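What follows is a single structure, written as C-alpha coordinates, with notes after it.
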Amino acid sequence: MMMRNYKELDKEYIVNVYNRLDVVLDHGKGAVLYDTDGKEYIDLSAGIAVNVFGVSDDAWQAAVIAQLQKLSHISNVFYTEPQVLLAEKLCQRTGMKKVFFSNSGAESNECAIKAARKYSHDKYGDGRHTIITLKNSFHGRTMATLSATGQDSLHQDFGPFVDGFVYADADDFNSVKALAEKNDVCAVMMELVQGEGGVRALDRDFVQATAAYAKAHDILLIIDEVQTGNGRTGALYAYMNYGIQPDIVSTAKALGGGLPLGATLFAASCAATLDSHSHGSTFGGNPICAAGACNIIDRIDDALLQDVKAKGAYIKEELARCKHVQFVSGMGMMIGVKTDKELTQLVSNCIDEGLLVLTANDLLRLLPPLNIPMDVLKRAVEKLKKIIDA
Ligand SMILES: *Cc1c(COP(=O)(O)O)cnc(C)c1O
(Lines give C-alpha, C1' and ligand atoms only; values in the text may rest on other atoms or scores of the structure.)
Protein backbone atom coordinates (compact mmCIF):
# COMPACT_ATOMS: atom_id res chain seq x y z
CA MET A 1 0.00 0.00 0.00
CA MET A 2 1.14 3.53 -0.77
CA MET A 3 2.31 5.41 2.33
CA ARG A 4 0.21 8.55 2.58
CA ASN A 5 2.13 11.79 2.84
CA TYR A 6 1.01 13.06 6.25
CA LYS A 7 3.07 16.23 6.03
CA GLU A 8 1.32 17.34 2.85
CA LEU A 9 -2.11 16.29 4.10
CA ASP A 10 -1.48 18.22 7.32
CA LYS A 11 -0.65 21.36 5.34
CA GLU A 12 -3.76 20.90 3.24
CA TYR A 13 -6.30 20.17 5.99
CA ILE A 14 -5.02 21.62 9.29
CA VAL A 15 -4.91 25.30 10.17
CA ASN A 16 -1.30 26.21 9.75
CA VAL A 17 -0.43 27.77 13.14
CA TYR A 18 2.33 25.48 14.38
CA ASN A 19 5.37 25.63 12.06
CA ARG A 20 5.74 21.90 12.63
CA LEU A 21 9.14 20.28 12.89
CA ASP A 22 9.91 17.78 10.17
CA VAL A 23 8.90 14.54 11.98
CA VAL A 24 5.76 12.41 11.96
CA LEU A 25 5.90 10.74 15.38
CA ASP A 26 4.20 7.41 15.68
CA HIS A 27 4.85 5.63 18.98
CA GLY A 28 7.25 5.31 21.86
CA LYS A 29 8.00 4.23 25.41
CA GLY A 30 9.25 6.56 28.13
CA ALA A 31 11.77 9.03 26.71
CA VAL A 32 12.31 7.16 23.42
CA LEU A 33 10.05 7.84 20.45
CA TYR A 34 9.84 6.53 16.88
CA ASP A 35 8.63 8.19 13.69
CA THR A 36 6.58 6.53 10.94
CA ASP A 37 9.83 5.38 9.26
CA GLY A 38 10.99 3.67 12.47
CA LYS A 39 13.71 6.23 13.21
CA GLU A 40 14.50 6.59 16.93
CA TYR A 41 14.49 9.88 18.88
CA ILE A 42 15.37 10.73 22.46
CA ASP A 43 12.71 13.08 23.75
CA LEU A 44 13.88 16.24 25.52
CA SER A 45 10.52 17.95 25.00
CA ALA A 46 7.95 15.73 26.79
CA GLY A 47 5.08 17.20 24.76
CA ILE A 48 6.03 20.63 26.21
CA ALA A 49 6.35 19.57 29.85
CA VAL A 50 3.30 17.30 29.70
CA ASN A 51 4.68 13.75 29.62
CA VAL A 52 6.32 13.78 33.07
CA PHE A 53 6.80 10.01 32.93
CA GLY A 54 7.36 9.86 29.20
CA VAL A 55 4.92 8.35 26.70
CA SER A 56 2.92 5.14 27.17
CA ASP A 57 3.82 5.02 30.84
CA ASP A 58 2.57 1.69 32.25
CA ALA A 59 1.21 2.81 35.64
CA TRP A 60 -0.55 5.91 34.25
CA GLN A 61 -1.95 3.86 31.37
CA ALA A 62 -3.33 1.25 33.78
CA ALA A 63 -5.07 3.94 35.86
CA VAL A 64 -6.53 5.54 32.73
CA ILE A 65 -7.72 2.26 31.20
CA ALA A 66 -9.33 1.07 34.45
CA GLN A 67 -11.32 4.31 34.64
CA LEU A 68 -12.12 4.26 30.90
CA GLN A 69 -13.76 0.88 31.39
CA LYS A 70 -15.82 2.10 34.38
CA LEU A 71 -17.06 5.57 33.43
CA SER A 72 -15.57 7.84 30.77
CA HIS A 73 -17.64 10.97 31.24
CA ILE A 74 -20.56 12.24 33.25
CA SER A 75 -21.79 15.76 33.92
CA ASN A 76 -20.32 17.83 36.72
CA VAL A 77 -23.83 17.96 38.20
CA PHE A 78 -22.91 14.51 39.62
CA TYR A 79 -20.12 13.50 41.98
CA THR A 80 -17.31 11.30 40.68
CA GLU A 81 -14.66 9.54 42.72
CA PRO A 82 -11.44 10.30 40.76
CA GLN A 83 -12.13 14.06 40.76
CA VAL A 84 -12.68 14.17 44.53
CA LEU A 85 -9.61 12.02 45.22
CA LEU A 86 -7.44 14.22 43.00
CA ALA A 87 -8.65 17.45 44.65
CA GLU A 88 -7.94 15.95 48.08
CA LYS A 89 -4.42 14.94 47.03
CA LEU A 90 -3.68 18.39 45.57
CA CYS A 91 -4.92 20.15 48.72
CA GLN A 92 -3.04 17.79 51.03
CA ARG A 93 0.21 18.20 49.11
CA THR A 94 -0.01 22.02 48.88
CA GLY A 95 -2.02 23.27 51.85
CA MET A 96 -4.42 24.93 49.40
CA LYS A 97 -8.10 24.58 50.34
CA LYS A 98 -10.18 24.10 47.20
CA VAL A 99 -9.74 23.14 43.53
CA PHE A 100 -11.60 23.96 40.33
CA PHE A 101 -10.93 21.56 37.44
CA SER A 102 -10.80 22.54 33.75
CA ASN A 103 -9.13 21.18 30.61
CA SER A 104 -6.12 23.33 29.83
CA GLY A 105 -3.66 25.91 31.06
CA ALA A 106 -5.53 28.81 29.52
CA GLU A 107 -8.75 27.73 31.22
CA SER A 108 -7.01 27.31 34.58
CA ASN A 109 -5.81 30.91 34.21
CA GLU A 110 -9.25 32.14 33.07
CA CYS A 111 -10.65 30.70 36.27
CA ALA A 112 -7.91 32.42 38.32
CA ILE A 113 -8.62 35.77 36.61
CA LYS A 114 -12.38 35.49 37.13
CA ALA A 115 -11.94 34.48 40.77
CA ALA A 116 -9.53 37.35 41.50
CA ARG A 117 -11.96 39.86 40.02
CA LYS A 118 -14.91 38.40 41.90
CA TYR A 119 -12.96 38.35 45.17
CA SER A 120 -12.30 42.04 44.82
CA HIS A 121 -15.80 42.85 43.56
CA ASP A 122 -17.43 41.00 46.49
CA LYS A 123 -15.32 42.97 48.95
CA TYR A 124 -14.74 46.38 47.37
CA GLY A 125 -17.37 46.75 44.62
CA ASP A 126 -16.83 47.97 41.05
CA GLY A 127 -13.57 49.24 39.61
CA ARG A 128 -10.88 47.38 41.55
CA HIS A 129 -10.24 44.91 38.74
CA THR A 130 -6.76 45.54 37.32
CA ILE A 131 -4.34 42.61 37.24
CA ILE A 132 -0.58 43.18 37.12
CA THR A 133 1.30 40.61 35.02
CA LEU A 134 4.92 40.63 33.86
CA LYS A 135 6.54 41.53 30.56
CA ASN A 136 7.58 38.43 28.61
CA SER A 137 5.00 36.33 30.41
CA PHE A 138 2.79 33.74 28.77
CA HIS A 139 -0.63 32.87 30.19
CA GLY A 140 -2.53 31.34 27.27
CA ARG A 141 -4.31 31.90 23.97
CA THR A 142 -7.88 32.79 24.95
CA MET A 143 -8.84 36.47 24.82
CA ALA A 144 -8.43 37.06 28.57
CA THR A 145 -5.24 35.04 28.96
CA LEU A 146 -3.78 36.58 25.81
CA SER A 147 -4.59 39.99 27.29
CA ALA A 148 -2.79 38.87 30.46
CA THR A 149 0.25 37.78 28.43
CA GLY A 150 2.92 40.47 28.47
CA GLN A 151 4.34 40.08 24.97
CA ASP A 152 3.72 42.80 22.37
CA SER A 153 4.36 40.35 19.54
CA LEU A 154 1.20 38.44 20.58
CA HIS A 155 -0.87 41.62 20.99
CA GLN A 156 -1.62 42.18 17.34
CA ASP A 157 -4.48 41.31 15.01
CA PHE A 158 -7.01 40.36 17.70
CA GLY A 159 -8.04 43.61 19.39
CA PRO A 160 -9.86 44.86 21.28
CA PHE A 161 -8.27 42.93 24.15
CA VAL A 162 -9.77 42.31 27.57
CA ASP A 163 -9.40 45.45 29.66
CA GLY A 164 -7.60 45.68 32.97
CA PHE A 165 -4.14 44.16 32.51
CA VAL A 166 -0.93 46.12 33.08
CA TYR A 167 2.59 44.76 32.64
CA ALA A 168 5.45 45.17 35.10
CA ASP A 169 9.14 44.50 34.45
CA ALA A 170 10.18 41.09 35.77
CA ASP A 171 12.62 41.26 38.69
CA ASP A 172 11.89 44.97 39.25
CA PHE A 173 9.79 45.40 42.40
CA ASN A 174 9.55 49.17 41.92
CA SER A 175 7.84 48.58 38.60
CA VAL A 176 5.21 46.38 40.31
CA LYS A 177 4.77 48.91 43.12
CA ALA A 178 4.40 51.86 40.72
CA LEU A 179 1.68 50.03 38.74
CA ALA A 180 -0.08 48.99 41.96
CA GLU A 181 -0.14 52.61 43.16
CA LYS A 182 -1.40 53.95 39.83
CA ASN A 183 -4.21 51.40 39.28
CA ASP A 184 -7.02 49.77 41.26
CA VAL A 185 -5.40 46.35 41.46
CA CYS A 186 -7.03 43.09 42.52
CA ALA A 187 -4.22 40.66 41.68
CA VAL A 188 -0.64 40.08 40.59
CA MET A 189 -0.18 37.12 38.26
CA MET A 190 3.14 35.57 37.28
CA GLU A 191 5.10 32.50 36.26
CA LEU A 192 8.08 31.91 38.56
CA VAL A 193 10.10 30.52 35.68
CA GLN A 194 8.88 32.25 32.54
CA GLY A 195 8.50 29.47 29.98
CA GLU A 196 7.52 30.65 26.51
CA GLY A 197 9.10 34.02 27.31
CA GLY A 198 12.60 32.52 27.44
CA VAL A 199 13.07 30.07 30.36
CA ARG A 200 13.83 32.77 32.89
CA ALA A 201 13.72 32.00 36.62
CA LEU A 202 12.57 35.02 38.60
CA ASP A 203 14.73 36.43 41.35
CA ARG A 204 13.81 35.22 44.85
CA ASP A 205 13.97 38.69 46.45
CA PHE A 206 11.70 40.16 43.76
CA VAL A 207 9.15 37.39 44.21
CA GLN A 208 9.17 37.66 48.00
CA ALA A 209 8.90 41.47 47.94
CA THR A 210 5.99 41.28 45.48
CA ALA A 211 4.25 38.60 47.58
CA ALA A 212 4.65 40.67 50.78
CA TYR A 213 3.37 43.86 49.09
CA ALA A 214 0.37 42.00 47.65
CA LYS A 215 -0.51 40.53 51.04
CA ALA A 216 -0.26 43.90 52.77
CA HIS A 217 -2.66 45.46 50.22
CA ASP A 218 -5.17 42.60 49.91
CA ILE A 219 -4.00 42.01 46.33
CA LEU A 220 -4.26 38.33 45.42
CA LEU A 221 -1.09 36.55 44.33
CA ILE A 222 -1.76 34.24 41.36
CA ILE A 223 1.08 31.91 40.41
CA ASP A 224 0.81 30.39 36.92
CA GLU A 225 2.28 26.90 37.35
CA VAL A 226 0.97 25.54 34.07
CA GLN A 227 4.50 24.73 32.90
CA THR A 228 6.52 24.90 36.15
CA GLY A 229 4.11 22.74 38.14
CA ASN A 230 3.94 19.04 38.93
CA GLY A 231 7.60 18.39 39.63
CA ARG A 232 9.24 20.20 36.71
CA THR A 233 11.42 22.56 38.79
CA GLY A 234 12.41 20.03 41.48
CA ALA A 235 9.49 20.94 43.78
CA LEU A 236 5.90 19.76 43.39
CA TYR A 237 5.09 23.40 42.54
CA ALA A 238 7.71 26.04 41.82
CA TYR A 239 6.33 28.44 44.46
CA MET A 240 7.62 25.94 47.04
CA ASN A 241 11.16 26.89 45.93
CA TYR A 242 10.47 30.56 46.67
CA GLY A 243 9.19 30.57 50.26
CA ILE A 244 5.89 32.22 49.34
CA GLN A 245 2.23 31.32 49.84
CA PRO A 246 0.11 32.16 46.76
CA ASP A 247 -3.62 32.80 46.99
CA ILE A 248 -4.26 31.08 43.67
CA VAL A 249 -2.20 28.50 41.76
CA SER A 250 -3.12 27.51 38.22
CA THR A 251 -1.74 24.36 36.65
CA ALA A 252 -2.27 22.00 33.71
CA LYS A 253 0.26 20.47 31.27
CA ALA A 254 1.91 17.68 33.34
CA LEU A 255 -1.02 17.28 35.72
CA GLY A 256 -2.94 15.10 33.28
CA GLY A 257 0.19 13.16 32.28
CA GLY A 258 -0.86 13.37 28.61
CA LEU A 259 -4.61 13.87 28.85
CA PRO A 260 -6.12 17.36 28.98
CA LEU A 261 -6.62 18.58 32.54
CA GLY A 262 -6.33 21.97 34.19
CA ALA A 263 -6.70 22.88 37.86
CA THR A 264 -6.98 26.15 39.74
CA LEU A 265 -6.11 25.86 43.44
CA PHE A 266 -7.38 28.34 46.01
CA ALA A 267 -5.92 29.18 49.41
CA ALA A 268 -8.18 29.90 52.41
CA SER A 269 -8.13 33.63 51.52
CA CYS A 270 -10.33 33.11 48.45
CA ALA A 271 -11.51 29.48 48.65
CA ALA A 272 -15.15 30.60 48.97
CA THR A 273 -15.07 33.21 46.18
CA LEU A 274 -16.38 31.04 43.35
CA ASP A 275 -19.82 30.02 44.55
CA SER A 276 -22.89 28.37 43.05
CA HIS A 277 -23.18 28.97 39.26
CA SER A 278 -20.29 31.47 39.15
CA HIS A 279 -18.12 29.20 36.96
CA GLY A 280 -18.19 25.75 35.38
CA SER A 281 -16.93 23.35 32.72
CA THR A 282 -18.48 20.44 30.83
CA PHE A 283 -15.34 18.30 30.67
CA GLY A 284 -13.36 19.82 33.54
CA GLY A 285 -12.11 17.11 35.90
CA ASN A 286 -13.17 14.36 33.52
CA PRO A 287 -12.96 11.02 35.40
CA ILE A 288 -10.41 9.47 33.01
CA CYS A 289 -8.10 12.50 33.15
CA ALA A 290 -8.51 12.73 36.93
CA ALA A 291 -7.80 9.02 37.49
CA GLY A 292 -4.58 9.35 35.46
CA ALA A 293 -3.65 12.52 37.36
CA CYS A 294 -4.06 10.78 40.75
CA ASN A 295 -1.41 8.31 39.60
CA ILE A 296 0.87 11.12 38.39
CA ILE A 297 0.60 13.18 41.60
CA ASP A 298 1.23 10.13 43.82
CA ARG A 299 4.48 9.41 41.97
CA ILE A 300 5.88 12.94 42.18
CA ASP A 301 7.50 12.14 45.53
CA ASP A 302 10.66 13.36 47.29
CA ALA A 303 12.87 10.78 45.58
CA LEU A 304 11.71 11.89 42.13
CA LEU A 305 12.09 15.58 43.01
CA GLN A 306 15.67 15.01 44.25
CA ASP A 307 16.35 13.26 40.98
CA VAL A 308 14.93 16.17 38.99
CA LYS A 309 17.30 18.55 40.75
CA ALA A 310 20.30 16.29 40.18
CA LYS A 311 19.52 15.66 36.50
CA GLY A 312 18.80 19.34 35.89
CA ALA A 313 22.15 20.32 37.45
CA TYR A 314 23.91 17.68 35.34
CA ILE A 315 22.37 18.96 32.08
CA LYS A 316 23.22 22.59 32.90
CA GLU A 317 26.79 21.78 33.92
CA GLU A 318 27.51 19.73 30.81
CA LEU A 319 26.00 22.21 28.35
CA ALA A 320 27.70 25.20 29.97
CA ARG A 321 30.99 23.59 28.87
CA CYS A 322 30.19 23.95 25.16
CA LYS A 323 32.17 26.73 23.55
CA HIS A 324 29.14 27.89 21.54
CA VAL A 325 26.88 28.10 24.61
CA GLN A 326 26.55 31.66 25.96
CA PHE A 327 24.46 30.83 29.00
CA VAL A 328 22.18 28.19 30.46
CA SER A 329 19.03 29.19 32.36
CA GLY A 330 16.04 27.72 34.17
CA MET A 331 15.31 25.59 37.20
CA GLY A 332 15.20 21.82 37.75
CA MET A 333 14.48 20.11 34.43
CA MET A 334 13.12 23.26 32.79
CA ILE A 335 16.20 24.45 30.95
CA GLY A 336 17.04 27.19 28.45
CA VAL A 337 20.24 27.17 26.42
CA LYS A 338 21.47 30.30 24.63
CA THR A 339 23.95 29.55 21.89
CA ASP A 340 25.58 31.70 19.20
CA LYS A 341 24.25 29.30 16.54
CA GLU A 342 21.27 29.87 14.26
CA LEU A 343 18.37 28.42 16.27
CA THR A 344 16.19 26.96 13.50
CA GLN A 345 19.20 25.18 12.01
CA LEU A 346 20.23 23.90 15.44
CA VAL A 347 16.78 22.39 16.06
CA SER A 348 16.76 20.80 12.63
CA ASN A 349 20.24 19.33 13.25
CA CYS A 350 18.95 17.86 16.51
CA ILE A 351 16.03 16.22 14.69
CA ASP A 352 18.45 14.79 12.09
CA GLU A 353 20.54 13.32 14.92
CA GLY A 354 17.50 11.85 16.70
CA LEU A 355 16.89 14.42 19.45
CA LEU A 356 13.58 16.17 20.10
CA VAL A 357 14.10 19.68 21.47
CA LEU A 358 12.06 22.89 21.76
CA THR A 359 12.68 26.62 21.59
CA ALA A 360 11.51 29.60 23.66
CA ASN A 361 12.16 32.95 21.98
CA ASP A 362 15.89 32.86 21.11
CA LEU A 363 16.76 29.93 23.38
CA LEU A 364 16.83 26.20 22.96
CA ARG A 365 14.39 24.80 25.53
CA LEU A 366 14.79 21.38 27.16
CA LEU A 367 11.95 19.73 29.09
CA PRO A 368 12.83 16.03 29.31
CA PRO A 369 10.49 13.51 30.93
CA LEU A 370 11.29 13.70 34.67
CA ASN A 371 12.02 9.97 34.90
CA ILE A 372 14.32 9.81 31.86
CA PRO A 373 16.89 7.10 32.75
CA MET A 374 20.37 8.53 33.42
CA ASP A 375 22.01 6.50 30.63
CA VAL A 376 19.47 7.79 28.09
CA LEU A 377 19.91 11.35 29.35
CA LYS A 378 23.71 11.04 29.09
CA ARG A 379 23.41 9.84 25.50
CA ALA A 380 21.14 12.79 24.68
CA VAL A 381 23.38 15.37 26.35
CA GLU A 382 26.52 14.04 24.61
CA LYS A 383 24.72 14.24 21.27
CA LEU A 384 23.48 17.75 21.97
CA LYS A 385 26.93 18.99 23.00
CA LYS A 386 28.39 17.66 19.74
CA ILE A 387 25.61 19.29 17.68
CA ILE A 388 26.01 22.66 19.42
CA ASP A 389 29.77 22.72 19.04
CA ALA A 390 29.89 21.26 15.53
C1 LIG B 1 1.32 26.35 28.16
C2 LIG B 1 1.05 27.46 29.09
C3 LIG B 1 -0.23 28.04 29.18
C4 LIG B 1 -1.36 27.64 28.27
O5 LIG B 1 -1.73 26.32 28.44
P6 LIG B 1 -2.71 25.60 27.37
O7 LIG B 1 -2.94 24.26 27.96
O8 LIG B 1 -1.97 25.58 26.07
O9 LIG B 1 -3.93 26.44 27.30
C10 LIG B 1 -0.43 29.00 30.16
N11 LIG B 1 0.56 29.40 30.97
C12 LIG B 1 1.80 28.89 30.89
C13 LIG B 1 2.86 29.36 31.85
C14 LIG B 1 2.10 27.92 29.94
O15 LIG B 1 3.34 27.41 29.85
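Counting convention: from 1, in listed order, for ligands and their atoms alike. It should be emphasised that the depicted structure is a prediction, and the values quoted were computed from it without experimental measurement.
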Numbered atoms and elements of ligand 1 in range of [X], under 4.0 angstrom, heavy atoms:
X	answer
Glu191	13 (C)
Ser104	7 (O), 9 (O)
Gln227	15 (O)
His139	10 (C), 11 (N)
Lys253	1 (C), 2 (C), 3 (C), 14 (C), 15 (O)
Asn109	10 (C), 11 (N)
Ala106	4 (C), 5 (O), 6 (P), 9 (O)

Less than 4.5 Å apart, any side-chain heavy atom of Leu134 and any of Leu202?
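They are in side-chain contact.
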Do any N or O atoms from the side chain of [X] and from the backbone of [Y] form a donor-acceptor pair under 3.5 angstrom?
X	Y	result
Gln83	Gly285	yes
Gln208	Tyr242	yes
Asp35	Val24	no
Ser108	Gly262	no
Arg117	His129	yes
Asp389	His324	yes

Point-to-point distance, once rounded to the nearest 0.5 Å, from CE of Met189 to OG1 of Thr133:
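The distance works out to 7.5 Å.
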Any N or O of [X] closer than 3.5 Å to N or O of ligand 1:
X	result
Glu107	no
Ala252	no
Gly105	yes

Considering only heavy atoms, which of Val226, Val193, Thr149, Ile223 lies nearest to atom 3 (C) of ligand 1?
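Closest candidate by heavy-atom distance is Val226.
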Under the criterion side chain to side chain donor-acceptor pair (under 3.5 Å), I'd like the reasoning laid out for Ser348 against Asp22: C-alpha separation, chi angles, the key distance, then a yes or no.
CA-CA 8 Å; Ser348 136; Asp22 194 24; over 6 Å; no
Got a protein heavy atom sitting under 4.0 Å from atom 7 (O) of ligand 1?
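Under 4.0 Å from atom 7 (O) of ligand 1, at least one protein heavy atom found.
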Among all the protein's non-hydrogen atoms, which is closest to atom 11 (N) of ligand 1, and how far away is it?
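Nearest neighbour among protein heavy atoms for atom 11 (N) of ligand 1, to 0.1 Å: Asp224 OD2, 2.9 Å.
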